[in-house]
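Note sheet for the following structure.
Position 1 is the first residue of the sequence; numbering continues from there.
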Amino acid sequence: MAFQEKQNRFKKQQEKSASASHNGRTSAPIKFSNDTERLQHVNSIRKAPVGAQMKRVINLLFETRKALTIEQINEACYVDMKANKDVFDSMRKNPKVKYDGERFSYKSKHDVRDKSQLLFLVRKFPEGIAVVDLKDSYPTVMEDLQALKAAREIWLLSNFDSQEDIAYPNDPKVPIKVDDDLKQLFRGIELPRDMIDIERDLQKNGMKPATNTAKRRSAAEMQGISSKPKPKKKKNEITKRTKLTNAHLPELFQNLNNS
């Protein structure tokens with residue numbers, strides 16, 4: 001039922017009550033129905049600032065991902081763009097909204113709607129694409145990003161400067177050749193013995209460490225647990241029991257000791 005019709009019905013109830021009281025008849029007190037509370041709620045929404053009403057409509061379009069007419073929007077979230085030209089004009093110009101002359105729909109930065117399209121998009125950006133630009137693509141996009149990461153289809157790495165995640169493609173069909181000079185340089189690097197020193201070096205080179213050893217040791221000391229690193233035995237060669245890092249360069253470990 002239209003808002004105006006419900007308002008008229010409410011007024012008639014009041015007039016009927018006043019007439020009965022005037023004629024001396026006793027009538028039961030009128031109980032306000034849920035409809036009355038709803039009308040008050042609708043009225044408060046339509047009197048809200050333009051920006052607040054736009055936010056309601058954009059949230060509706062984002063959650064439903066459907067193209068809706070003005071009437072459908074009014075029925076769903078009580079924003080009447082027929083009666084409020086300011087809201088209507090602002091919605092038409094909003095960069096997050098698409099209007100085809102009849103219906104409004106949500107407009108994400110990248111037009112992807114499922115996991116396969118998401119992977120196809122990420123592979124178009126070998127230099128990486130910001131996750132913040134993908135978040136509004138469709139409701140389950142963040143879960144799909146994590147699923148693609150678990151399947152080793154993409155990498156999700158943090159940008160040290162902006163603290164934002166970047167999605168990189170991990171296409172196995174793309175061959176990666178490592179120069180011999182780089183391999184030799186890699187083999188010649190001696191890592192610090194203490195993880196704190198490693199984390200500090202990573203930060204100096206603009207990378208975000210995946211661990212926080214200082215914080216972990218501090219928490220351990222508060223609980224009375226010894227946090228001193230165990231002394232490491234010096235090894236002259238790699239054995240099968242050695243924990244291999246850099247597994248993406250398997251040629252480094254071709255000379256494993258069989259012991």
**Request:** Could you give me the CA-CA distance, side-chain angles and deciding distance for H110 and Q117, then say whether side chain to side chain contact (heavy atoms under 4.5 Å, CB included) is met?
**Result:** CA-CA 10 Å; H110 297 284; Q117 292 182 4; over 6 Å; no

**Message:** Measuring from atom CG of L68 to atom CD of E102, what distance do you get when rounded to the nearest 0.5 angstrom?
**Reply:** 11.5 Å

**Message:** Quick test of your reading of the model: are E71 and K82 salt-bridged, counting only N-O distances below 4.0 Å?
**Reply:** yes

**Message:** Apply side chain to side chain contact (heavy atoms under 4.5 Å, CB included) to residues V79 and V87 and explain how you reach the verdict.
**Reply:** CA-CA 9 Å; V79 176; V87 176; 4.0 Å; yes

**Request:** Side-chain contact test, heavy atoms from C-beta onward, threshold under 4.5 Å: evaluate it for Q184 versus D181 and give yes or no.
**Result:** no

**Flag, side chain of D179 to backbone of L182, donor-acceptor distance under 3.5 Å** = no

**Message:** Quick one, M54 and N59 - any side-chain contact, counting heavy atoms below 4.5 Å?
**Reply:** no

**Asked** Where do V112 and V141 land on the side chain to side chain contact (heavy atoms under 4.5 Å, CB included) test, with the steps shown first?
**Response** CA-CA 9 Å; V112 293; V141 66; 5.6 Å; no

**Request:** Answer whether the closest heavy-atom distance between the side chains of V122 and E153 falls below 4.5 Å.
**Result:** no

**Asked** If two hydrophobic side chains count as joined below 4.5 Å and joins carry through other members, does F120 share a cluster with F125?
**Response** no

**Asked** More than 12 heavy atoms of other residues, nucleotides or ligands under 6.0 Å from CZ of R113: is that the case?
**Response** no

**Message:** Do F88 and V42 land in one hydrophobic cluster if side-chain heavy atoms of ILVMFWY residues count as linked below 4.5 Å?
**Reply:** yes

**Prompt:** Heavy-atom distance under 4.5 Å between the side chains of I196 and R217, does that happen here?
**Reply:** yes

**Message:** With heavy-atom distances below 4.5 Å as the criterion, would you say the side chains of N84 and Q53 are in contact?
**Reply:** yes

**Request:** Indicate yes or no for a side-chain donor-acceptor contact from S44 to the backbone of H41 under 3.5 Å, with no hydrogens or angles considered.
**Result:** yes

**Asked** Where is the tightest heavy-atom contact between V50 and S90, given as atom of each residue plus distance?
**Response** CG1-OG, 4.0 Å

**Prompt:** Nearest heavy-atom pair of P169 and P126: which atoms, and what distance?
**Reply:** CG-CA, 3.8 Å

**Item:** Test applied, side-chain contact (heavy atoms from CB on, under 4.5 Å); reference residue, L118; option that passes from T140, I154, D144
**Value:** D144

**Asked** Is there a donor-acceptor contact under 3.5 Å linking the side chains of D136 and Y106?
**Response** yes

**Request:** Indicate yes or no: at least one non-hydrogen side-chain atom of R46 is less than 4.5 angstrom from one of N74.
**Result:** yes

**Asked** Passes salt bridge (charged side-chain N to carboxylate O under 4.0 Å, His left out), K149 versus D165? Steps please.
**Response** CA-CA 12 Å; K149 177 185 176 183; D165 284 344; over 6 Å; no

**Asked** Do Q72 and R103 come close enough that some side-chain heavy atom pair is under 4.5 Å?
**Response** yes

**Nearest-0.5 Å distance, CD of residue E63 to NZ of residue K66** = 12.5 Å

**Complete:** Taken to the nearest 0.5 Å, the spacing of S116 OG from L121 CG works out to 11.5 Å

**Item:** Linked, directly or transitively: V97 and Y78 (ILVMFWY side chains, under 4.5 Å)
**Value:** yes

**Message:** Here's a test for you: under side-chain contact (heavy atoms from CB on, under 4.5 Å), which of T69, I70, I58, V57 qualifies with F104?
**Reply:** I70

**Prompt:** Any side-chain heavy atom of P192 within less than 4.5 Å of one from D201?
**Reply:** yes

**Asked** If you round to the nearest 0.5 Å, how far is CD of E37 from CG of D35?
**Response** 9.5 Å

**Request:** Hey, could you give me the CG/NZ distance between N94 and K107, rounded to the nearest 0.5 Å?
**Result:** 9.5 Å

**Request:** Give the cluster check for Y99 versus M81: same hydrophobic cluster or not, with ILVMFWY residues linked at side-chain heavy-atom distances below 4.5 Å.
**Result:** yes

**Request:** Kindly check if the number of other-residue, nucleotide or ligand heavy atoms within 6.0 Å of NZ (K96) is above 12?
**Result:** yes

**Prompt:** Would K85 and D89 pass as an ion pair if we require N to O under 4.0 Å?
**Reply:** yes

**Message:** Quiz question: by atom type and distance under 3.5 Å, do the side chains of E199 and T213 form a donor-acceptor pair?
**Reply:** yes

**Request:** Heavy atoms only: give me the nearest L60-C77 pair and the separation to one decimal.
**Result:** CD2-SG, 4.0 Å

**Prompt:** Is the centre of the Y138 ring less than 6.0 Å from the centre of the F62 ring?
**Reply:** no

**Request:** For the pair I73 and R56, evaluate side chain to side chain contact (heavy atoms under 4.5 Å, CB included) and give the outcome as yes or no after the intermediate values.
**Result:** CA-CA 10 Å; I73 290 171; R56 286 183 66 85; over 6 Å; no

**Prompt:** Side-chain heavy atoms under 4.5 angstrom apart, residues restricted to Ile, Leu, Val, Met, Phe, Trp, Tyr: same cluster for M142 and L119?
**Reply:** yes

**Message:** Please check this pair: side chain of R65 against backbone of S137, looking for a donor-acceptor N/O pair closer than 3.5 Å.
**Reply:** yes

